[in-house]
Amino acid sequence: MTATIDFDAPASPSASVAADGSLRRIVRGVPWPLLAAVALFFVAGAIGLVFLVAPDLKPLVFKQSLMRAFSAPLSRGGFLGADQLGRPLEWRLLAGLGISLGAAAAVTLIASVLGLAMGLLGGFFGLTADRLVTVVIDLTWAYPTILLAVVIAGILGPGVWTVIWALGLTLWAALARIVRAQVLVLREQDFVLAAQALGYSRFYIATRHLIPNLMPIVILMATLFVALTIIAEAGLSFIGLGAQSPTPSLGKTLAEGFSFASSSIWPLVFGALTMISLVIVLNAFGDRVRDILDPKGRVPLPGRRLRDAARRAEAALPARAVDRDAVIAVDDVSVAIHGRRGATTAVSDLSLTLRPGQTLGIVGESGSGKSLSARAITGLLPEGLSLSGGRVFWDGVDIAGLPAEKLRDRRGRFVAMVFQDARASLDPLYTIGEQVSESLAAHFPGPRRSFRPKVLEMLARVGLSDPEIFYDRYPHQLSGGQLQRAALAGVLVLEPRVLIADEPTTGLDATTQKKIVALVKALQREMNMSVIWISHDLDLVGEIADEIVVAYAGQPVEIGTVEEVLKRPAHPYTLGLLESRPQATMAPKSPLRSVGGTVPDPGDWPPACRFAPRCRRALAICGTTPPPMELFDEGSGRRLRCYNPEPGAAEAGA
Amino acid sequence: MLEAMERCPVCARLYAIVVRLAYSALVLLLVAIVAFVGLRLAPGDVTTQLLDPSRATPQELAFLRHQLGLDQPIHIQFLQYLAGLLQGDLGLSLITRETVVSIVANAGIYSISLAVTAFVLIFALAIPLGLTAAIWRGSAIDAAVRGISGVMMATPNFVLAVVLINLLAVQAGWLPVAGSGSWKHLVLPALVLAAEPLGFATRLVRTSYLEQAGAQYADAMRMRGLSESVIRWRHIMRNALLPVISLGAVQVRTLVGYTLIVETIFRWPGLGKRLVDSVLTRDYQVAQGLTILLAAVVVVATLVSSFLYRAADPRVRDE
């Protein structure tokens with residue numbers, strides 16, 4: 001019961017969930033049989049309450065208001081039988097649902113109002129209020145519901161109201177803790193800061209801006225409170241502190257069924273079935289509501305990892321001519337997302353080569369498939385995705401043919417990857433030194449500690465001066481730039497041939513960005529490493545890359561040298577990207593141009609040219625026949641997927 | 001002062017521990033106040049329990065009140081009670097004439113054996129079950145574990161008690177129906193006490209593992225060529241089991257509440273049953289003493305779990 005709420009719930013729903021339509025989303029998102037079951041219990045409870053308030057109505061529905069005590073089900077006109085006082089069981093259960101759900105509603109009201117108010121008070125009304133609220137919450141925590149019920153029963157005497165107050169006065173603390181934590185996040189957000197700057201009172205901001213954003217969590221906790229009340233009421237009635245005879249609450253029905261089980265088992269059986277099914281339905285409803293309000297917490301179903309039948313068959317074919325110089329060659333790769341409604345292609349027609357020491361930039365808007373393309377190269381796609389076609393060669397070897405253990409060993413030593421969020425890519429519970437050592441321990445024999453000198457050297461090389469200190473630091477003790485250096489150390493200590501950098505500087509300040517870029521370039525030279533740098537920042541990629549792949553809607557649309565692609569873009573999308581960024585050479589006050597619209601999601605791709613609907617230069621054929629990737633410029637080797645390239649590029653290329 | 005803290009991390013940590021201890025003492029004091037004042041709000045006082053008000057003269061009642069110190073202002077009474085508490089005096093049953101300390105001495109061992117058995121049962125089962133379900137997510141095992149824990153969470157303990165008593169005690173005759181005296185008497189109450197928290201803990205462990213398995217650090221480690229077993233056992237597992245530490249305190253709190261019910265069902269002569277009895281017979285001195293004691297157990301468990309968490313999670317250590 002109360003104690004089953006995790007007070008320290010670390011995974012609370014994100015603060016950004018807007019209240020708008022959260023009720024509508026719940027009604028839409030919960031499967032209808034579940035919704036109907038919840039509704040059924042509440043309607044039954046309402047009917048039960050009506051009968052309790054107006055007993056005269058009872059004979060209209062029940063043939064007999066009294067039967068012989070302990071009548072069996074289906075005997076003498078009774079349906080479920082009767083209890084020890086001869087009351088028909090169906091009537092008792094209806095009334096019991098009424099009282100129990102009524103009590104649950106009262107508890108939910110008390111706990112929600114109190115929890116919301118105290119949470120807001122603690123999070124938004126100053127430090128003194130916060131300390132006070134924390135003490136009251138911790139005091140409340142010390143009293144488990146049933147223990148508090150004992151105290152309250154001492155004051156009020158046993159009864160339904162004792163149950164209601166005992167639950168209401170303990171459950172609120174769980175909500176208050178979560179609300180307080182959310183308010184601490186919310187109060188730093190722009191709309192709250194703006195309202196404060198405009199001079200609105202705290203009370204106004206709390207009621208107008210904060211409470212609407214807190215409603216989803218209140219709704220979620222409320223569904224929990226109802227289920228908890230039902231169970232707790234039963235327990236308290238059982239030990240004599242809850243509903244008193246003849247009040248026919250669900251718990252009292254069960255408790256009396258227990259006492260009289262030797263005379264008739266049926267009141268207990270039907271009572272238990274009603275209560276267990278009610279609580280299961282409520283818990284299932286609560287789980288669904290949590291999924292809807294906090295989709296992040298939902299864990300996807302397992303996807304098939306790699307290797308479909310089609311892919312196996314293809315791998316058996318003799319290899320096409322592969323560039324023998326290439327460190328990495330990707331041949332017509334596609335990636336599929338496995339969802340509930342079958343597979344959707346997320347990346348297709350990906351072909352590229354990477355030569356030793358070369359830097360390849362992959363650019364595109366979010367949703368263009370650039371990260372997935374990179375992951376396909378490593379042979380390790382996120383769960384739920386798989387390579388649905390094509391081949392990836394590392395040093396001329398098709399990785400589909402490599403045994404898993406060999407692939408694992410080469411991963412890290414041959415190709416390695418750093419991520420955008422360095423903090424998330426490190427385990428918070430181990431020191432930097434331990435984690436960098438693990439990279440070595442995964443590939444070389446020897447105890448983890450024996451790699452210390454090598455690790456210290458690497459930490460120094462990535463610019464963490466005073467490596468002895470950083471070795472023993474935990475990730476949370478490092479700044480953003482230091483974290484990315486640490487992540488790089490974990491990867492580069494293996495001296496991989498290829499480094500894939502997935503927007504590793506996004507989210508860092510401009511100075512730190514430059515330093516990280518310079519660091520990677522320097523280490524690349526030292527280690528003669530090839531680099532694939534993924535970014536949405538064309539200027540950045542222009543600075544470091546030799547060759548650029550422009551990706552759009554899961555496909556490369558233009559591949560060429562940096563000079564060609566950035567100076568004389570051929571694809572209208574490339575030009576669009578270039579025009580949409582601010583430049584120092586621009587005339588003052590000239591407007592930035594942007595590509596209208598957004599990248600379509602996988603599954604919604606236009607049938608022919610995927611860019612056609614947003615393209616200024618689209619022709620009739622662009623909507624009917626998919627454009628092939630063709631050599632555009634013999635000299636530089638630029639390839640292009642377009643029927644109607646930008647004229648500037650064509651002239652220069654010819 | 002702050003500068004000194006920065007220069008000496010050990011002092012800073014010691015300071016944090018002292019603050020935490022002092023805070024728990026404050027909460028304990030408030031716990032005692034709530035129980036003391038709360039039970040003073042009850043209608044009537046002990047004098048009406050000891051002497052029949054319809055027959056006793058007002059003088060007799062006043063004398064008794066004076067003897068018991070009930071004519072003093074409430075804060076004086078509380079301070080006297082608190083002084084007693086600090087000397088290990090939890091009060092005196094005015095009905096059975098036992099000291100509360102002797103009640104605790106007699107009944108405590110029963111409650112502790114029951115709660116500890118349930119506590120061990122919960123974690124010994126919840127962790128392997130939750131992890132198994134998570135690792136083979138979507139399998140039949142997973143579905144079974146989730147289904148059973150769902151039913152466990154939805155079943156009131158006395159309903160489970162009836163089922164188990166009928167099956168294991170009445171039908172099979174393996175175990176006694178109720179009472180105390182041997183380890184066999186302990187089995188059913190411990191199972192019933194553990195059931196609901198066990199269902200909850202299993203689901204928490206499962207969700208926690210799945211959350212960590214989907215974390216980016218696991219992917220980043222695969223990219224560095226770390227083996228699945230190192231990633232799973234050294235990293236995902238350790239992160240996934242962190243919430244279990246705070247779950248420990250949650251479960252102590254749950255068990256403290258549930259012993260009141262389960263001990264009543266099985267007529268198990270522990271503190272929970274004595275507490276319920278004392279409220280129903282209006283033996284407020286006993287109710288007050290036992291309430292404070294049980295709440296103190298929760299406060300201490302929370303304190304211990306916060307220290308364990310501090311030891312296990314470097315992020316908390318630096319706060």
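Computed over heavy atoms, backbone and side chain alike; hydrogens, waters and symmetry mates excluded. Each chain gets a letter, A, B and so on, in the order its sequence line appears, and its residues count up from 1.
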V27(B), part contacting chain A, at a heavy-atom distance under 4.5 Å: both

L280(B) versus chain A, heavy atoms under 4.5 Å apart: side chain, backbone, both or neither? side chain

Distance-minimising heavy-atom pair for I265(B) and F238(A): CG1-CE2, 3.1 Å

Might you point out which heavy atoms bring M153(B) and N283(A) nearest each other, and give the distance in Å? CB-ND2, 4.3 Å

What is the minimum heavy-atom distance between V279(B) and V150(A), and which atoms define it? CG2-CG1, 2.9 Å

Within the supplied structure, the quantity of interest is the number of heavy atoms (other residues, nucleotides, ligands) at a distance under 6.0 Å from R20(B) CZ; does it exceed 12? yes

P156(B) and L254(A) have their tightest heavy-atom pair at CG-CD1, 4.3 Å

Out of curiosity, I261(B) CD1 to L236(A) CG, how far, rounded to the nearest 0.5 Å? 6.0 Å

Going by heavy atoms in the side chains, are D421(A) and Y217(B) under 4.5 Å from each other? no

Turns out that what part of A287(B) lies under 4.5 Å from chain A's heavy atoms comes down to neither

So, taking the atom named CG in D219(B) and the one named CZ in R375(A), what distance separates them when rounded to the nearest 0.5 Å? 4.0 Å

Look up atom CD1 in I146(A) and atom CG in L294(B), then write down how far apart they are to the nearest 0.5 Å. 11.5 Å

For D138(A), is it the side chain, the backbone, both or neither that has a heavy atom under 4.5 Å from a heavy atom of chain B? both

Are any of the side-chain nitrogens in R203(B) or D287(A) under 4.0 Å away from the carboxylate oxygens of its partner? yes

Which region of I230(A), side chain (C-beta onward) or backbone (N, CA, C, O), has a non-hydrogen atom less than 4.5 Å from a non-hydrogen atom of chain B, or is it both or neither? neither

Give the member of G150(B), S227(B), A161(B) that has the highest number of heavy-atom pairs under 4.5 Å with chain A. S227(B)

All heavy atoms of A295(B) vs all of L147(A), minimum pair found to be N-CD2, 3.7 Å

Can you tell me which of V299(B), L30(B), V151(B) forms the most heavy-atom pairs within a distance under 4.5 Å of chain A? L30(B)

Between V297(B) and chain A, which part of the residue has a heavy atom less than 4.5 Å away: side chain, backbone, both or neither? neither

With a 4.5 angstrom heavy-atom cut-off, which part of T134(A) approaches chain B: side chain, backbone, both or neither? both

Leading residue by heavy atom contact count with chain B [cutoff under 4.5 Å; candidates A442(A), P428(A), A272(A)]: P428(A)

Let me know if V415(A) has heavy atoms under 4.5 Å from chain B in its side chain, its backbone, both or neither. backbone

Under a 4.5 Å heavy-atom cut-off, does chain B meet the side chain of E405(A), its backbone, both or neither? neither

So, taking the atom named CZ in R315(B) and the one named CG in L429(A), what distance separates them when rounded to the nearest 0.5 Å? 5.5 Å

Which bit of S439(A) is near chain B, if near means a heavy-atom gap under 4.5 Å: side chain, backbone, both or neither? both

Determine yes or no for a side-chain-to-main-chain donor-acceptor pair under 3.5 angstrom, with R253(B) supplying the side chain and Y143(A) the backbone. yes

Contacting moiety of V159(B), where chain A heavy atoms sit under 4.5 Å: side chain

Looking at CG of D313(B) and NE2 of H476(A), how far apart are the two atoms once the value is rounded to the nearest 0.5 Å? 8.0 Å

Got a sec, which pairs hit side-chain hydrogen bond (donor to acceptor under 3.5 Å, both in side chains) with one end in residues 423-432 of chain A, sequence neighbours left out? D427(A)-H235(B), D427(A)-N239(B), T431(A)-E434(A)

Do any pairs count as a salt bridge (Lys or Arg N to Asp or Glu O under 4.0 Å) and have a residue in residues 224-244 of chain B, sequence neighbours left out, and if so which ones? E438(A)-R234(B), R222(B)-E228(B)

If we ignore hydrogens and angles and just use 3.5 Å, is the side chain of R411(A) paired with the main-chain N or O of G225(B) as donor and acceptor? no

Contact part of A312(B) toward chain A, heavy-atom cut-off under 4.5 Å: side chain, backbone, both or neither? backbone

Taking every non-hydrogen atom, the tightest pair across I280(A) and A154(B): CG1-CB, 3.5 Å

